[in-house]
Number of protein chains: 2
Amino acid sequence: MAKAIKKETCQYRLMAGKDAMEVLQGKWRIPIIISLTDEDKRFGEIQREIGISPKMLSQELKALEENKIISRTLYDSMPVTVEYSLTPLGRSTDKLLDEFLKWGIHFRNEIVGR
Amino acid sequence: MAKAIKKETCQYRLMAGKDAMEVLQGKWRIPIIISLTDEDKRFGEIQREIGISPKMLSQELKALEENKIISRTLYDSMPVTVEYSLTPLGRSTDKLLDEFLKWGIHFRNEIVGR
DNA sequence: AGATTTACTTACCTGAAGGTAACTACTTAC
DNA sequence: GTAAGTAGTTACCTTCAGGTAAGTAAATCT
C-alpha cells in the first residue's frame, strides 16, 4: 500500500469506495453494464434499450473501455457492425450489480412505494 | 407494478439501478454511510473523517435523512451535541456496501495498480 | 467580558455532466 | 440515384454538483 493505509480501517474503506465510484458514477455507466449483462449488444441496440443519445453513449462507452470494463469488437461483415461486450473485469461487477439492484428494489418498496 | 414492468426483464433491472443510484449517487453519500457504519458520529466527527465542507455535509445529511437512510438525534446535554446514525434502511446497505468496497479494491488491483 | 467549540447557514462562483440538434461516412436495398 | 440503416462526431447550450469563504447562534471555558 503506497500511502500506508491499513486494511479494515475507515480510511481504507473510504479509498475503496472512491475507487469504485469513479468508474461506476454517472447516469449511464450502470445502465450500460446492465444492458450488456444479458448479452453482447451493438451501439444502436444499447441506445434504444436504455434511451441514451448517441453522443452520451459514445462518450460513456469510451470511458468504460479505457477502464477495461467493456470491449469493442468490429465485425466487417454485411453492413459493418460493432459489438460491445463485458470484459472479465466488467463481469466481475456481477455480485455488486446484484446487491445494487436488490437494494434498489428494497428501497423502492420502503420509500418510493411508501 | 404501476407501469407494468415485469420482474427479471432488463427494463426492471434498469429501473432498480436508477432507484438505487438516485440515493447513493454523488461524491459524499457513500463516504458518509461508510463513516456511520463504524459507529454513530457527530457532525464535526464526520466532517473531519471524510474531509468534507460543512455546507456539503449539512446538505447531504439532509438528503440522506429525507430518504430515511440516516437519523439525526439532538442531545441537549453538556454543550449540545448532535448525533447521526444509520436507520434500519441505512443499515440494509451493508451487503451492497460490502460488495461495492470489495469491487473497488479488486478494480484498484487490476487497473490502478496495473 | 472575551475566546473557543459545536453545528450549522448564506452568498457567490466554477467546471463538469448532460442534453439537443445537426452533420458525417459507409453500405445495402429499392 | 435515392432512401434507409449502421455508427458515430461536432458544436452549442443549460443545469447542477460541488467548492470557497465568511457569517450566525448558542453554550462552555477561563
Side-chain angles (χ1 to χ4, degrees), chain A residues 14-15 17-36 38-67 69-86, chain B residues 14-15 17-36 38-67 69-86:
Chain A
L14 288 170
M15 183 194 69
K18 201 181 148 198
D19 284 347
M21 254 309 180
E22 238 158 66
V23 194
L24 272 14
Q25 177 105 261
K27 190 174 177 180
W28 299 112
R29 304 273 167 95
I30 300 269
I32 290 170
I33 295 173
I34 290 174
S35 171
L36 292 176
D38 285 344
E39 44 179 348
D40 300 355
K41 294 211 176 75
R42 292 185 304 175
F43 192 91
E45 288 178 318
I46 304 173
Q47 209 189 317
R48 270 171 260 121
E49 185 160 66
I50 69 179
I52 187 178
S53 72
K55 177 202 134 184
M56 286 306 295
L57 181 54
S58 166
Q59 180 184 301
E60 298 301 288
L61 287 172
K62 265 175 201 156
L64 288 169
E65 217 188 326
E66 275 168 23
N67 284 319
I69 306 293
I70 64 170
S71 63
R72 195 187 113 112
T73 313
L74 185 85
Y75 293 101
D76 38 68
S77 57
M78 337 249 284
V80 174
T81 52
V82 183
E83 269 206 354
Y84 292 91
S85 56
L86 293 177
Chain B
L14 288 170
M15 184 194 68
K18 200 181 149 199
D19 284 347
M21 255 309 179
E22 238 159 65
V23 194
L24 271 16
Q25 176 107 261
K27 191 173 176 182
W28 299 113
R29 304 271 167 96
I30 300 269
I32 290 169
I33 294 172
I34 290 174
S35 171
L36 292 177
D38 286 344
E39 45 179 347
D40 300 355
K41 295 212 175 74
R42 292 185 304 177
F43 191 91
E45 289 178 316
I46 305 172
Q47 209 190 316
R48 270 171 260 120
E49 185 161 65
I50 70 179
I52 188 178
S53 73
K55 178 202 133 184
M56 285 307 295
L57 182 53
S58 167
Q59 180 183 301
E60 298 301 290
L61 287 172
K62 263 175 202 157
L64 288 169
E65 216 189 327
E66 273 168 24
N67 284 321
I69 306 293
I70 64 170
S71 63
R72 196 187 113 114
T73 314
L74 186 85
Y75 293 101
D76 38 68
S77 56
M78 338 249 285
V80 174
T81 53
V82 184
E83 267 205 355
Y84 293 91
S85 57
L86 292 177

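We name chains A, B, ... by the order of the sequence lines, and we start the count at 1 in each one.
- The CZ atom of F43(B) sits 4.0 Å away from the CG atom of L57(B) when rounded to the nearest 0.5 Å.
- How far CD of Q59(A) is from CG of L64(A): 11.0 Å, rounded to the nearest 0.5 Å.
- Rounded to whole Å, atom P of dG18(C) lies 10 Å from atom CD1 of I32(A).
- Interatomic distance, OG of S35(A) versus CH2 of W28(A), reported as 11.5 Å (0.5 Å rounding).
- Nucleotide dA25(D) holds its C1' atom 14 Å from the CG atom of L74(B), rounded to whole Å.
- Annotation: the span from E60(B) atom CD to I69(B) atom CD1 amounts to 12.5 Å, rounded to 0.5 Å.
- The interatomic distance linking R42(A) (CZ) with dC26(C) (P) rounds to 20 Å, in whole Å.
- Under the salt bridge (Lys or Arg N to Asp or Glu O under 4.0 Å) criterion, K41(B) pairs with E49(B), not counting sequence neighbours.
- Atom CD in Q25(B) sits roughly 12 Å away from atom C1' in dC16(D) (whole-Å rounding).
- When the nearest nucleotides of DNA chain D are assigned to E83(A) and G26(B) by heavy-atom distance, the more 5′-ward of the two goes with E83(A).
- Note that the CE atom of M21(A) and the NZ atom of K27(B) stand 12.5 Å from one another [nearest 0.5 Å].
- Closest to the W28(B) side chain, of the nucleotides dG19(C), dT9(C), dG18(D), is dG18(D).
- When the C1' atom of dA17(C) is taken as reference, atom NZ of K27(A) falls 10 Å away, rounded to whole Å.
- For R72(A), the side-chain atoms get nearest to dG8(D) when compared with the rest of dG8(D), dA7(D), dA7(C).
- In this entry the distance linking CD of E65(A) with P of dG8(D) reads 10 Å, nearest Å.
- As a whole-Å value, the separation of E60(B) CD from dG18(D) P is 6 Å.
- Within residues 47-59 of chain B, the residues approached by DNA chain D to less than 4.0 Å at the level of any non-hydrogen atom are S53(B), K55(B), M56(B), in residue-number order.
- dC30(C): Watson-Crick or G-U partner is dG1(D), with both key distances under 3.5 Å.
- Applying the 4.0 Å criterion to OP1 and OP2 of dC8(C), one finds that Y84(B) has a side-chain N or O inside that range.
- Expressed to the nearest 0.5 Å, how far CD1 of I46(A) lies from CD1 of I34(A) amounts to 12.5 Å.
- Straight-line distance from the NZ atom of K62(A) to the P atom of dA17(C): 15 Å, rounded to whole Å.
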